[in-house]
Protein chains: 2
Amino acid sequence: MSRVEAATALILEVFRLNGALLAAGDALTRDLGLTSARWQVLGAVALAGRPLTVAGAARAMGLTRQAVRRLVTELAADGFVALAPNPDHRRAALVVLTEDGQRAYAAAQERQAAWAARVTEGCEPASLRDSTTLLRCLRAALERDEESGAPETGS
Amino acid sequence: MSRVEAATALILEVFRLNGALLAAGDALTRDLGLTSARWQVLGAVALAGRPLTVAGAARAMGLTRQAVRRLVTELAADGFVALAPNPDHRRAALVVLTEDGQRAYAAAQERQAAWAARVTEGCEPASLRDSTTLLRCLRAALERDEESGAPETGS
DNA sequence: GCTCAATCGACAACATGTTGTCAATAAACC
DNA sequence: GGTTTATTGACAACATGTTGTCGATTGAGC
C-alpha cells in the first residue's frame with residue numbers, strides 16, 4: 001500500500017470517526033439539555049479563565065462568530081449562559097456561565113472522562129499520543145498547502 | 001498524560017482535522033463544479049461497479065438516504081449523474097455517472113492523489129497505517145459502546 | 001479632534017447533515 | 001393469492017456550520 005493509498009484510507013477513517021464522535025457526544029449530553037456543539041461553547045467559556053465575548057469564544061474554538069452567536073443565543077434562552085454588560089465595549093456583551101451552565105458542563109465533563117476511559121480500554125496511551133501527533137502534523141501540512149496556493153490555478 | 005487525557009486530545013484533533021479536510025476537499029474540486037460531498041457521491045457511484053439506487057449509495061457511504069437524495073438531485077441538475085429506470089423497482093431509479101460526471105470524478109481523483117502525496121511528504125506510510133488502525137479500532141469501540149450503553153433512548 | 005480601518009453583533013442565504021412522516025412499491029409470509 | 005412488513009423516494013423541520021452584508025462601536029493614525 002503506497003503512501004497515497006495509506007493517506008486516503010486515513011482520511012476516510014477521519015470522516016467516519018468524526019461523525020461517530022459527534023453522535024456519541026450528543027448521546028452523552030442529551031439529557032443534560034446539551035449537544036456536542038453547545039457543550040463545546042460551554043467549554044470554551046468555562047476554560048477561558050475570564051469572560052469572553054461571542055467573537056472571542058469563536059476565536060478560541062476555531063469557529064466563526066456567527067455559528068457561536070446562534071449557539072450562545074440558544075444557550076442563553078435555556079439558561080446555561082448569561083450575557084453580562086462589557087465595560088470595554090458597549091455592544092460586545094460578555095458570555096458567562098450561569099449556575100445551571102456550570103452544573104451541566106461539570107456533569108458532561110465527568111461523563112466524557114468515564115466514556116473516554118471505556119472506549120479506549122484496549123488502547124496504549126503511547127499509540128493515542130502518536131496518532132494525535134500524526135494528525136496534528138497532517139493538519140499543519142494541509143493548512144500550509146492551502147496557503148501556498150490553489151493548485152488548480154497553478155497547474 | 002493519562003489515557004483519558006490522551007484520548008481527549010486525539011478526539012479534539014480529529015474534529016479539527018475533519019474540518020480542515022473538508023475545506024481542502026472543497027478547494028480541490030471547486031472549479032470542477034464539485035464539493036467534498038458531491039465528490040463523495042460520485043465516488044460511491046463510480047466505485048460500486050454496478051448502478052446504485054439512492055438508498056444503496058447512502059448505505060455505501062454511511063450517510064442517510066435523504067442527504068444523498070438531495071446531493072443526487074443537485075448532481076443530476078448539473079449533469080454529473082443521470083437517473084436511469086430500474087427494471088427491478090419502479091420507484092427506485094438507478095444513479096449512473098454521465099460522461100461529465102466521469103470526467104469530473106477522474107479529475108478530482110488525480111488532484112487528490114497529488115494533494116495527498118504533497119501533504120504526507122514527511123510521513124512514514126507505516127505511521128499512516130498505524131493511525132488508521134487505531135482510529136478504526138476506536139470507532140468500533142465507540143459504536144459498541146453506543147449500542148450497549150444508551151438505555152435512555154430505549155426505555 | 002477627526003477620519004478611517006478593524007472589530008463586533010445581527011441578519012440573510014446557503015451547504016450539509018440529521019430525524020420524522022408519508023405514500024408507493026416490493027418482498028415475505030401464511 | 002391476499003395480507004403484512006420492509007424498503008424507497010419525497011417532503012418538512014431542524015441542527016450545525018459557512019459566507020456575505022450591514023450598521024454600530026472602538027481604536028489608531030494624522
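Because only heavy atoms are used, hydrogens play no part in the values below, and waters and symmetry mates are left out as well, while side chains stay in. Just so we're on the same page: letters track the sequence lines, and every chain starts at 1.
The distance from atom CD of A:Gln66 to atom P of C:dG9 is 10 Å, rounded to the nearest whole Å. Separating the CZ atom of A:Arg69 from the P atom of D:dG20 is a distance of 17 Å, rounded to the nearest angstrom. Atoms NE2 (A:His89) and C1' (C:dT7) sit 6 Å apart, rounded to a whole Å.
Listed by chain and number, the residues in a side-chain hydrogen bond (donor to acceptor under 3.5 Å, both in side chains) with A:Arg111 are A:Asp31 (sequence neighbours excluded).
Under the 4.5 Å side-chain heavy-atom criterion for Ile, Leu, Val, Met, Phe, Trp and Tyr, B:Leu138 and B:Val4 are members of distinct hydrophobic clusters.
None of B:Leu42, B:Asp78, B:Leu28, B:Val41 except one satisfies the side chain to side chain contact (heavy atoms under 4.5 Å, CB included) rule with B:Leu34; the exception is B:Leu42.
A:Ala67 comes within 4.0 angstrom of a base, heavy atoms only. Residue contacts shown for B:Leu22 are absent, as no nucleic acid heavy atom lies under 4.0 Å away. Heavy atoms of B:Arg90 sit under 4.0 angstrom from primed sugar atoms or phosphate atoms, though from no base atom.
Using a distance-only test at 3.5 Å, with no hydrogens or angles considered, a donor-acceptor pair links the side chain of B:Arg38 to the main chain of B:Gly33. Judged by distance alone, the side chain of B:Ser36 and the main-chain N or O of B:Asp26 form a donor-acceptor pair under 3.5 Å.
Look at B:Thr35 and you'll find a side-chain N or O under 4.0 angstrom from OP1 or OP2 of C:dT16.
In the interface, the side chain of A:Arg65 is not paired with the base of C:dC8 through any donor and acceptor atom under 3.5 Å apart.
Heavy-atom distances under 4.0 Å link DNA chain C to A:Thr53, A:Val54, A:Ala55, A:Arg59 of residues 36-64 of chain A, given in residue order.
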